[in-house]
Amino acid sequence: ATGGRGAAGLDVFDDEPHVPPALLGLDNVVLTPHIASSTEECMGEMGDCVLGNLVSWFDGKGPLTPVP
């Protein structure tokens with residue numbers, strides 16, 4: 001083994017929605033649209049996070065997940 005990566009699964013690109021042409025022909029790369037978080041479980045967790053932040057904010061405690 002050379003210590004390199006054997007394969008990659010990518011769903012985020014610098015200039016979305018344009019995929020770098022160098023990635024398109026690679027056999028060891030799987031490309032998908034930016035949908036990795038689109039599961040029922042993840043959407044539920046995101047909704048809970050929003051509600052938790054709103055409750056905390058209006059209780060005067062500030063956000064639970066502040067953005068620096």
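Each residue takes its place number in the sequence, starting with 1.
In the hydrophobic clustering, Val29 connects to Leu10, Phe13, Val19, Leu23, Leu24, Leu26, Leu31, either directly or through intervening members, whenever side-chain heavy atoms lie under 4.5 Å apart. Through side-chain heavy atoms spaced under 4.5 Å, either directly or across other Ile, Leu, Val, Met, Phe, Trp or Tyr residues, Met43 is tied to Met46.
The environment of CD in Glu40 is sparse: at most 12 heavy-atom neighbours from other residues, nucleotides or ligands sit within 6.0 Å. Counting heavy-atom neighbours within 6.0 Å of Asp14 CG, excluding the residue itself, gives a total of 12 or less.
Checked against side chain to side chain donor-acceptor pair (under 3.5 Å), Asn53 has the following partners two or more places apart in sequence or in another chain: Thr65.
Interatomic distance, Glu41 CD to Thr39 OG1, rounded to the nearest 0.5 Å: 5.0 Å.
In the hydrophobic clustering of ILVMFWY residues, with side-chain heavy atoms under 4.5 Å counting as a link, Leu64 and Phe58 come out apart.
Of all non-hydrogen atoms in Pro63 and Ser56, the two that sit nearest each other are C-OG, 4.5 Å.
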